[in-house]
Structures are given as structure tokens and as C-alpha cells.
Amino acid sequence: MATVDCPLPSPADLDDNGFPALPSSPAACSSGFAEDFYRSGTDWSSLRAPPPLGPPRRAPGVKERGGGSAVQSSLFQAWGIEKPRRDGRGAGDSSLVQRSLFQAWGIERPQREGLGAGDSSPSSSLSGSLLARKRRRGSTEEERVAAKKPLACPFYKKIPGTPFTVDAFRYGQVEGCSAYFLSHFHHDHYGGLTKKWCHGPIYCSALTARLVKMCLSVNSDYICPLELDTEYVIEGVTVTLLEANHCPGAALIHFRLSDGKTCLHTGDFRASKTMQSHPLLQRGRVNLVYLDTTYCNPKYKFPPQEDVIDFVVRTTRRYLKKQPKTLIVVGAYSIGKENVYLAISQALEAHIYTDASRRRILYSFGWPDLSKRLCSCNQSSSLHVLPLGSINHENLKKYLETLNGRFLAVLAFRPTGWTFSEATGKHLDLIKPSSNANVTIYGVPYSEHSSFTELRDFVMFLKPQKIIPTVNVGNATSRDKMQAHFREWLKSP
DNA sequence: GCGATCAGCT
DNA sequence: CACAGCTGATCGC
């Protein structure tokens with residue numbers, strides 16, 4: 001795995017990875033992701049050499065207890081921070097600190113969290129332009145592509161003080177990583193995992209483990225399923241998976257280092273009051289949080305899932321009353337949104353038709369209430385689950401025709417987190433469907449990520465010392481806005 | 001022909 | 001806006 005050569009960032013600009021530069025003087029720190037990352041919750045005065053890496057990679061066994069790596073003897077060692085040691089620069093130089101950290105952890109251009117969304121940083125007038133991109137990517141990016149080297153693993157996927165990464169499979173062998181955690185089975189998190197995986201053990205929930213094996217044909221020897229709410233000691237670190245309230249098998253990952261430091265990686269999650277009763281998530285007990293900040297913006301308001309499900313069921317009943325020969329369609333990605341169509345199925349006492357590949361996945365959950373409702377005959381079921389991308393008027397009209405007049409109309413739901421407006425965020429009944437002839441499509445704000453207020457309440461309850469956002473970090477403006485929210489939320493008391 | 005990666009799209 | 005993909009093009013095997 002190549003180390004990334006990060007040149008010193010030039011002030012008032014972005015570095016080669018699209019991250020904001022530190023101000024030249026620490027006192028002048030105005031705001032920003034990088035500053036907050038380096039400033040908060042870490043004692044930089046104690047920087048020194050990194051701890052030795054964990055033990056040599058063993059054959060991936062499970063449920064190791066009490067084994068493990070050396071006890072960290074100091075804070076900086078615990079956080080795995082590397083002391084800058086290049087050509088005699090003073091340790092007080094903040095940009096040097098940044099450089100060494102970027103080097104220590106490796107920084108990449110974020111993917112989904114990334115530049116694809118366009119960088120509107122005010123600090124660079126060229127941002128967003130092809131020229132700026134090219135300049136930012138620089139020759140190193142072109143060289144990387146030419147040399148077919150994998151991307152560098154970004155620091156926010158590495159857990160300090162441990163040889164662990166989370167959702168980091170697209171970077172090849174990550175230097176210093178001897179255990180790879182997978183938070184849940186969505187493509188943007190398991191990306192890079194294939195049957196050829198050979199870089200180390202993969203720890204995940206049992207359900208996720210089944211999917212990794214079944215869908216990706218990853219060698220079982222590498223897959224280490226962990227039960228929820230069970231402590232495992234892995235390489236000297238106590239690891240516990242918690243229910244993430246995202247998609248089936250999704251887990252929060254809690255790490256407790258041998259020195260007592262705790263770290264929570266939320267993967268993707270929808271924060272809930274229930275989480276606040278978990279013993280590991282009590283106020284002040286988590287030092288560092290890697291936070292799913294997908295909707296960390298006050299404009300994102302959506303109702304509880306139960307309210308949306310209630311709306312979907314009511315709407316379905318209304319349409320069926322009007323036209324009994326209506327086909328109900330729910331859009332869904334590979335996994336997630338099951339409760340939407342399960343609720344319709346229960347209310348209507350209808351079976352759920354979906355294609356064979358999705359059925360295989362749904363059966364693998366081992367949920368009897370879901371499994372017993374699945375069927376393989378599209379004619380005999382009035383409730384179909386289709387890929388979200390296929391939910392449009394053109395497709396549904398064609399789809400209806402393939403069913404040989406069995407149905408006279410289609411009522412379809414697109415459950416997503418970003419189908420919302422100020423009005424419908426509060427009053428679901430104000431949602432206006434899109435109708436075309438006998439096809440009606442409702443976008444419904446069914447989210448499997450936290451709303452802004454849920455995120456706020458979760459953070460204000462948890463009161464961690466430090467937050468590292470994992471989504472929307474590719475844009476300097478959005479990073480700064482998120483950090484401003486964090487500062488507000490973490491104000492004491 | 002298959003698999004992996006990536007731009008573009010929703 | 002941006003979820004969590006999907007489609008199609010390209011490239012290497």
C-alpha cells in the first residue's frame with residue numbers, strides 16, 4: 001500500500017485532497033474541519049512515535065478473548081499519532097502537524113462523501129472548475145491512476161490506537177490494518193470487497209456476514225460474524241456491535257482500548273431515543289465519535305418512520321377502495337425499507353412479490369415474518385418490490401402491461417430520505433403524488449439516516465469529546481457548517 | 001466472455 | 001440537495 005505524499009498545504013487554499021489548509025498560526029484558527037480535527041480532544045504536546053503495529057496477521061479466527069496487542073503506554077500512542085520527523089521542522093508548526101497526520105493516516109479524495117458533489121469552497125475561486133480539479137488532483141492523482149495504485153484509505157476510516165479500519169475495502173491492503181470492520185451491507189460501504197479479498201479478517205454482524213458470503217462470494221475464512229451487544233476482544237481492543245437502526249444487519253461499532261479510551265463508529269445509523277438507554281452510550285462515556293452526518297443540516301426534517309408507514313398504509317387502502325385492481329409497488333435498494341412493504345403486506349394480508357435475487361437476500365435475513373410473506377409469482381400478488389431506480393412512469397406503465405391485465409392501475413412509493421419539503425416534513429398528508437394516466441407515484445420521506453434533530457439530540461446526549469464526520473466531508477463549506485453545529489451541541493452544559 | 005473500475009445519472 | 005445504487009463504456013485478462 002502506497003503512502004500518500006501530501007505536500008504542505010498552501011494557506012487559504014485546499015490541499016491536494018480537497019481538505020482545507022490550516023491557518024499558519026494556531027491562534028488564527030477560525031473554523032473548519034481540519035482545525036477542529038487536530039485541535040479538539042487531543043493533546044498534541046505529547047506527539048511521538050506511533051505504536052508498533054499489532055501482531056502479525058493471524059488466520060482470521062473469531063471471538064478472540066484476552067489476546068492482543070501491547071498495552072498503549074501513553075495518550076498519543078493510544079491514538080496512533082505519528083510524530084513529525086521530517087527534516088527538522090519545529091513541532092510547534094501547526095501545518096507540520098497536519099502534514100504528519102495526513103501522512104500518518106493517509107488522506108484520499110472522498111468518494112460518496114466526496115468531490116463528486118462539487119467543492120464550493122470560498123477559499124478557492126477555481127473550485128469546482130475543471131482547472132481547479134485538475135490542479136487539486138495534481139500529477140500525483142494521474143500517476144496513481146497510471147500506476148493502477150489503489151486510493152489511500154482516508155483517516156476517518158481508521159480507528160486511532162488500533163490496527164482497525166471501518167468500511168475500508170476499496171484501498172487494497174491498508175498499511176497497519178490487521179482487522180477490517182464492515183458496518184453494514186450497502187455498496188458504498190463494502191465497495192472493493194470481492195471474492196478475491198485476502199487482506200485480513202472482516203468483522204461484521206452475523207446478518208451482514210451472510211450477505212458478504214452469499215452475494216460477494218468472499219472466502220468464509222475471512223468473515224468473522226459478531227453478535228450484537230456482545231463484547232469481543234480483538235487484538236487487545238474490546239469491540240461491541242450495537243443495533244444501528246439503519247438497514248438489516250447494520251451496526252454501530254464501539255471500541256474500548258486497553259487504556260480505557262472509547263470510540264464509537266456509527267457506520268450509517270438513525271439515532272433514536274432507544275439508543276440512549278444503552279449502557280455503552282451513556283453521557284460522557286464515549287470519547288470519540290465517527291458520525292454519520294448524511295443529513296447534518298437543519299433543512300432535513302422528516303417524520304418518524306412509523307408515521308410514514310402509517311401514511312403509506314392509509315394511502316394504499318384509499319386507492320384500493322377506489323380501484324381494487326391496483327398494483328401496489330414499493331421501490332427499494334438491495335437491502336433496507338423492508339418495514340415499508342412488510343407493513344403494507346400485513347395490513348392488506350397480501351404476499352410480497354419480488355425477483356429471485358432479492359428474495360434470496362430477504363430469505364437470508366432469517367426473519368420468519370418476512371420470509372413467510374414472500375412469493376415468486378408476480379400474477380398472484382398485488383404487492384411488488386422493485387428497484388428504486390425503476391420507479392418512474394415510463395417503467396411502471398410497461399410493467400403494468402407485462403402483467404396481462406391482471407391490474408388496472410399502479411400505486412407506487414419511493415421511500416427515500418431526501419424526498420421532502422418544509423411542508424411535508426410535518427404534514428404527510430400534504431404530499432402530492434405524481435400521476436400519469438393510471439400510474440401514481442408517491443415520494444415518501446422514509447429515512448434510514450438520522451434527521452438533523454435526531455442527530456443533534458444524539459450528540460447532545462452522548463457529549464463526546466470529539467466528533468469526526470464521515471459524510472459530506474468532501475466540501476469545505478459543508479465541513480465548516482457541520483463543525484459549527486458540533487461546537488454548539490457540545491457546549492457545556 | 002467475465003470481472004473490475006469509473007463517469008454519468010437518478 | 002444527495003440516498004445507494006444502476007447503467008454503460010472502457011480496460012485487462
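Computation of the quantities below employed the complete heavy-atom set of this structure, encompassing side-chain atoms and omitting hydrogens, waters and symmetry-equivalent molecules. Letters A, B, ... are given to chains in the order of the sequence lines, protein chains preceding strands, and every chain is numbered from 1.
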Is the number of heavy atoms from other residues, nucleotides or ligands within 6.0 Å of NZ (K463(A)) greater than 12?
yes

Identify whether any heavy atom of T194(A) sits under 4.0 Å from a base atom; if not, whether one sits that close to sugar-phosphate; answer base, sugar-phosphate or nothing.
sugar-phosphate

Using the side chain to side chain donor-acceptor pair (under 3.5 Å) rule, take D292(A) and H449(A) through it: C-alpha gap first, then chi angles, then the decisive distance, then the call.
CA-CA 8 Å; D292(A) 165 21; H449(A) 292 272; 2.7 Å; yes

L386(A) CG - dA4(C) C1' separation (whole Å):
17 Å

In whole angstrom, give the distance that lies between atom NE2 of H187(A) and atom C1' of dG3(B).
12 Å

Separation of atom CZ in F169(A) from atom C1' in dT5(B), rounded to whole Å
18 Å

Can you tell me how far P of dA4(C) sits from CZ of R270(A), to the nearest Å?
13 Å

Closest approach to the side chain of D268(A), judged atom by atom: which nucleotide of dG3(B), dC3(C), dA4(C) is it?
dA4(C)

Taking donor-acceptor contacts at under 3.5 Å, does the side chain of Y333(A) reach the base of dC3(C)?
yes

Check every strand shown and say whether S447(A) touches a base, only sugar-phosphate, or nothing at a heavy-atom separation below 4.0 Å.
nothing

Of the options dA4(B), dC1(C), dC3(C), whose atoms approach the side-chain atoms of N472(A) most closely?
dC3(C)

Between dT10(B) atom P and E394(A) atom CD, what is the distance in whole Å?
12 Å

Could you check which of dA4(C), dC1(C), dC3(C) has an atom nearest any side-chain atom of Y295(A)?
dC3(C)

Kindly point out which of dC1(C), dC3(C), dA4(C) is positioned nearest to the side chain of D188(A)?
dA4(C)

Once salt bridge (Lys or Arg N to Asp or Glu O under 4.0 Å) is applied, do any residues pair with D310(A), and if so which ones, sequence neighbours excluded?
R314(A)

Looking at dG5(C), I'd like to know if its phosphate oxygens (OP1 or OP2) sit under 4.0 Å from a side-chain N or O belonging to H186(A).
yes

Rounded interatomic separation in angstrom, taking CG from L388(A) and C1' from dC9(B)
14 Å

For a quick test of reading the model: is some side-chain N or O of H246(A) closer than 4.0 Å to OP1 or OP2 of dA4(C)?
yes

Taking CD1 from I391(A) and P from dC6(C), how many angstroms apart are they, rounded to a whole number?
13 Å

So, is S334(A) close to the dA4(C) phosphate, meaning a side-chain N or O under 4.0 Å from OP1 or OP2?
no

So, do F181(A) and F164(A) have ring centers that fall under 6.0 Å from each other?
yes

Give a yes/no on whether any side-chain N or O of H449(A) is located under 4.0 angstrom from OP1 or OP2 of dA4(C).
yes

Counting only pairs under 3.5 Å, give me each side-chain donor-acceptor contact of residues 239-251 of chain A, with atom names and distances, residues two or more places apart or in other chains.
{"from": "E243(A)", "atom 1": "OE2", "to": "N245(A)", "atom 2": "N", "distance (Å)": "2.8"}
{"from": "N245(A)", "atom 1": "ND2", "to": "R270(A)", "atom 2": "O", "distance (Å)": "3.0"}
{"from": "H246(A)", "atom 1": "ND1", "to": "E448(A)", "atom 2": "O", "distance (Å)": "2.6"}
{"from": "H246(A)", "atom 1": "NE2", "to": "H184(A)", "atom 2": "NE2", "distance (Å)": "3.4"}
{"from": "H246(A)", "atom 1": "NE2", "to": "H186(A)", "atom 2": "ND1", "distance (Å)": "3.3"}

Whole Å only: how far is the CG atom of L396(A) from the C1' atom of dT10(B)?
15 Å

